[in-house]
Number of protein chains: 2
Amino acid sequence: MAQAPADDALITTYGRLVEAHSHLGRQLGRSLEQQAGVPQTWFEVLLRISRADGSQVSMGSLAQQVALTSGGITRLLDRMIDAGLVERVACPTDRRVAFAALTAQGADLLERASSVHAGDLRQVFSAFSDADLQTLDDLLDRLRATVGPSPTTGPSLAAGGDPVSTGPGGPPSRRPRDG
Amino acid sequence: MAQAPADDALITTYGRLVEAHSHLGRQLGRSLEQQAGVPQTWFEVLLRISRADGSQVSMGSLAQQVALTSGGITRLLDRMIDAGLVERVACPTDRRVAFAALTAQGADLLERASSVHAGDLRQVFSAFSDADLQTLDDLLDRLRATVGPSPTTGPSLAAGGDPVSTGPGGPPSRRPRDG
DNA sequence: CTCCTTTGGTTGAGGTCTCAACTACTGATC
DNA sequence: GATCAGTAGTTGAGACCTCAACCAAAGGAG
């Protein structure tokens with residue numbers, strides 16, 4: 001385990017990121033679910049759709065934004081459609097493409113959930129100054145930029161208009177480990 | 001969505017954190033798996049065990065550190081034990097407790113994987129100055145601190161075993177950083 | 001010592017995701 | 001216009017996780 005202390009520090013820094021995200025995510029997700037009745041994944045989808053240009057996004061773009069594979073997004077949307085929150089809209093210019101759009105009910109729920117989420121975040125960030133937040137935004141953006149969003153099986157690029165950016169795709173492939 | 005722009009900004013900031021984590025995580029996980037043959041979850045576990053006091057951790061503590069429920073950690077360990085990387089060690093003073101410890105093979109794998117991981121991280125952070133890293137560490141620590149470690153089904157709080165960082169909650173951590 | 005509450009961990013049932021194979025459609029080439 | 005490679009999305013099988021019920025041991029009260 002004797003590695004350069006600098007490497008160790010990097011690993012630890014990354015560990016901080018992972019922990020910050022997982023702890024926050026768990027807490028915020030729980031709150032969202034209890035107070036607004038929406039799983040955090042659903043909220044994420046609703047938000048992305050509403051922020052997209054024309055309030056609709058292709059499945060592929062959505063998949064990238066929420067870090068799911070195309071297969072994953074298909075089923076997630078299926079469930080949300082069953083719940084009456086979103087609907088599939090056929091693309092008029094490319095019949096392969098399916099857009100996701102909010103229903104009135106979905107938009108309504110998003111609004112309520114956003115309010116809850118914002119409240120939670122205000123608490124979480126209560127000890128952060130505007131400068132802190134700005135710095136954090138900057139660092140996270142740079143971090144995000146180092147690696148292109150590289151999820152998915154399928155789509156390659158997203159259409160614009162997302163809250164938190166979009167970008168080119170990356171290489172797939174993976175080997176499962178048998179147990 | 002008539003909400004205060006400040007709220008909107010917070011939501012977006014949090015979105016950045018989520019994205020930074022998910023994109024990085026996916027990429028690093030893939031690399032780890034391809035180059036070292038370890039799923040990133042396993043790596044995380046190996047690392048936490050090795051860094052724990054006495055190179056052993058209780059299941060509960062481990063569960064918290066990797067953000068899994070107790071049920072989840074039980075099975076994860078089962079798989080890793082099957083693979084010969086870790087072993088369960090009975091606690092001599094409390095027969096309810098099971099410790100996880102590395103086998104020689106596990107320690108070996110960890111060492112190789114750490115090297116891969118550190119290399120990846122060096123690339124990821126290549127555009128970050130020492131000051132940047134320090135700032136990032138600080139911000140993430142503060143973020144982590146706003147919410148206590150979340151409850152995982154079962155254990156309420158674990159003994160010791162600070163995450164992956166240098167010091168337990170207290171003062172903002174000092175990072176040993178050298179070229 | 002016995003009862004009872006609390007805590008650590010494991011197990012069964014159910015849910016969501018990834019991977020890989022497959023269908024449908026587009027656009028380029030001949 | 002027919003062919004073929006590439007792209008968008010869906011679907012089946014398998015992996016992994018969470019929730020909740022459960023067992024075993026520890027610790028305090030009577």
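Below, chains carry the letters A, B, ... as their sequence lines are ordered, and counting in each starts from 1.
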S.K.: Side-chain donor or acceptor of A/Arg75 under 3.5 Å from a matching atom on the base of C/dT16?
M.R.: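 There is none.
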S.K.: Taking for each residue the nucleotide of DNA chain C with the nearest heavy atom, is it B/Asp78 or A/Gly72 whose nucleotide lies nearer the 5' end?
M.R.: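 Going by which nucleotide is closer to the 5' end, it is B/Asp78.
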S.K.: Which parts of residues 83-91 of chain A get close to DNA chain D, meaning a heavy atom less than 4.0 angstrom away?
M.R.: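 Per residue number, the list reads A/Arg88.
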S.K.: D/dG9 P sits how many Å from A/Leu76 CG, rounded?
M.R.: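 For the pair A/Leu76 CG and D/dG9 P, the rounded distance is 14 Å.
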S.K.: Roughly how far, to the nearest 0.5 Å, is the CZ atom of A/Phe128 from the CG atom of B/Leu139?
M.R.: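 Nearest 0.5 Å value for the CG-CZ distance: 5.5 Å.
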S.K.: Within the supplied structure, the quantity of interest is the number of heavy atoms (other residues, nucleotides, ligands) at a distance under 6.0 Å from A/Asp82 CG; does it exceed 12?
M.R.: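 Yes, enclosed.
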S.K.: Measure from the side chain of B/Ser58, starting at C-beta and using heavy atoms only, and say which of D/dT10, C/dG9, D/dT18 lies closest.
M.R.: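 Nearest to the side chain of B/Ser58 among the choices is C/dG9.
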S.K.: Under 3.5 Å, is there a donor-acceptor pair between the B/Ser129 and B/Asp132 side chains?
M.R.: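 A pair is found: one side chain offers a donor N or O, the other an acceptor, under 3.5 Å apart.
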S.K.: Taking atom CG of A/Asp137 and atom OG1 of B/Thr13, what is their separation to the nearest 0.5 Å?
M.R.: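 It comes to 3.5 Å.
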S.K.: Rounding to an integer number of Å, can you tell me how far B/Gln40 CD sits from D/dA15 P?
M.R.: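 To the nearest whole Å, that distance equals 18 Å.
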S.K.: Out of C/dT18, C/dC17, D/dG9, which has the shortest distance to the side chain of A/Thr69?
M.R.: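 Looking only at heavy atoms from C-beta outward on A/Thr69, the closest nucleotide is C/dT18.
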S.K.: Roughly, in whole Å, what's the span from CG in A/Leu77 to C1' in D/dT10?
M.R.: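 Rounding to the nearest Å, CG of A/Leu77 and C1' of D/dT10 are 12 Å apart.
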S.K.: Which of the following nucleotides, C/dT18, D/dG9, C/dT10, is nearest to the side chain of A/Thr74?
M.R.: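 Closest of the options to the side chain of A/Thr74: D/dG9.
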S.K.: Rounded off to whole Å, could you give me the CZ-to-C1' distance for the B/Arg95 and D/dC23 pair?
M.R.: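 So the CZ-C1' distance, B/Arg95 to D/dC23, works out to 14 Å.
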S.K.: Hey, mind stepping through B/Glu19 and A/Arg48 against salt bridge (charged side-chain N to carboxylate O under 4.0 Å, His left out) and telling me if it holds?
M.R.: CA-CA 12 Å; B/Glu19 264 191 47; A/Arg48 302 285 182 163; 3.1 Å; yes
S.K.: Side chains of residues 88-101 of chain B: which donor-acceptor pairs under 3.5 Å do they make with residues two or more places apart or in other chains?
M.R.:
| unit_1 | atom_1 | unit_2 | atom_2 | d |
| --- | --- | --- | --- | --- |
| B/Arg88 | NH1 | B/Asp78 | OD1 | 3.2 |
| B/Arg88 | NH2 | B/Thr74 | O | 3.3 |
| B/Arg88 | NH2 | B/Asp78 | OD1 | 2.9 |
| B/Asp94 | OD1 | B/Arg96 | N | 3.0 |
| B/Asp94 | OD1 | B/Arg96 | NE | 3.1 |
| B/Asp94 | OD2 | B/Arg96 | NH2 | 2.8 |

S.K.: Once you round it to whole Å, what is the distance between P of D/dC17 and CD of B/Gln64?
M.R.: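 Rounded to whole Å, this separation is 17 Å.
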S.K.: Under 3.5 Å, is there any donor-acceptor pair linking the side chain of B/Arg96 to the base of C/dT7?
M.R.: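 Yes, a donor-acceptor pair under 3.5 Å.
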S.K.: Roughly, in whole Å, what's the span from CZ in B/Phe99 to P in D/dA25?
M.R.: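 Rounded to whole Å, this separation is 16 Å.
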S.K.: Output the rounded distance in Å from CG (A/Leu68) to P (D/dA15).
M.R.: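 Computing the A/Leu68:CG to D/dA15:P distance gives 20 Å.
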